[in-house]
Amino acid sequence: MNKEKITMATVVGIVCILLVSVMFAQFRTVEETDIEGIEVAREEELRTMIASWKAKYEETSQKVQETNKKINEYQEKAESVEETANLLNEELAQTNMLVGKTDVTGEGIIVHLSDNENKQIEEKDLLYLINELRLAGAEAISINDKRIVNMTEIVSVNETILINTERVTAPYTVKAIGNQKYLSSALSLKNSGYIDIYTSLGKTISMSVEKNIKILAYNSGNNLMKFKYVKEAK
Amino acid sequence: MILIAIIIGCIIGAIIGINIPTIPYTYSGYLAIAIVAALDSVFGGITSTLKKNFDMKIFISGFFVNAILAMALTYLGEKLNVDIYLAAVIVFVGRMFNNLGTIRRYYVEKITTRKIIAKAEATIKEANEENK
């Protein structure tokens, strides 16, 4: 009888512990949860809402990523276009300088040739001088501000000199841009140099070295720079 | 002795319940229905004790199986999108009221009988004194 009572008491006690502890836990849960906000919308609805919002978020973020990718692509393209444009511009500038379409400045030498009582300057003298200057590495040459380009001719017609089909008269000022040392030493070699040879022939030639020479662009009215017959070979 | 066990159990249970971490709100519905089922079992037990046909095995099995079944039915209802827990609440609360009514009637009858007996005893005593 007593034993039975003890077991019953323990069992009832355990049951009480279980029930009351669970009840208190539930009380606390209910107290701590913001039921008003949640109870308005049922849990299932909330879940579906969360799912739909998540899906929307993912969709939007995917779109953002795609758009960013496109933006990047466009930017890259724009950059490459800019790069090519820059390259082309650079090339164009260099080509223009090469063919003499732009005014250029730089260090170099100026050679003055003038007629005297005995000897006149001939077109051959100028041709030879230009050849010498080119050999010495002149990058731009002009005679009396007539730019010497690859199509330039220097001819003598009826005792007058034509450069770029325009008349040029003495005194002649030949400007050359290039390495000063090379240019000046090439012309002033003892005995075999241009200046020595021609002064010994009795012609008046002087040379000066300048830090800053300006050579004008090719600006002849004649269209020397246009090709009628030449085409690019493929 | 059983009363002491109940009181001690309630105190320990309260301490445990206050100290364990809170249950997520998602599961608190199941817990609530389990509590209702357990309370129903408790009241059923009290009623059967008063009726003198209390069986420990039936009480314990009812206590746990009812709670678990109520939880399972709630889960099923959630899956079926039918609020089965409402049915469980109605059944359990209805039975709780039945049991409470039985308990109330038992005590009311007990008190009335006691009064009647006391009255009867008093009249018997008076009669006896008069006879003397």
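Fair warning: this is a prediction, and the values are worked out from it, not measured in the lab. By convention in this document, chain letters (A, B, ...) are assigned in the order of the sequence lines, proteins followed by strands, and residues within each chain are numbered from 1.
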Please rank [options] by heavy-atom pairs under 4.5 Å with chain A and give me the top one.
options: B/Ala32, B/Ala67, B/Ala38; value: B/Ala32
options: B/Ile35, B/Ile16, B/Leu3; value: B/Ile35
options: B/Ile18, B/Val42, B/Leu39; value: B/Ile18
options: B/Ile15, B/Ile8, B/Ile11, B/Leu31; value: B/Leu31

Segment of A/Leu18 engaging chain B (4.5 angstrom heavy-atom cut-off): side chain

Answer yes or no: are there more than 12 heavy-atom neighbours, outside [X] itself, under 6.0 Å from its atom [atom1]?
X: B/Tyr75; atom1: OH; answer: no
X: B/Ile4; atom1: CD1; answer: no
X: A/Tyr182; atom1: OH; answer: no

B/Asn53 side chain to B/Ser48 side chain, donor-acceptor N/O pair below 3.5 angstrom: no

Minimum heavy-atom separation for A/Thr105 to A/Lys214, with atom names? CG2-CG, 3.6 Å

Give, as side chain, backbone, both or neither, the part of [X] having an atom under 4.5 angstrom from any heavy atom of chain A.
X: B/Ile60; result: side chain
X: B/Phe54; result: side chain
X: B/Tyr27; result: neither

Would you check if A/Ile163 and A/Glu153 make a side-chain contact, meaning some heavy-atom pair closer than 4.5 Å? no

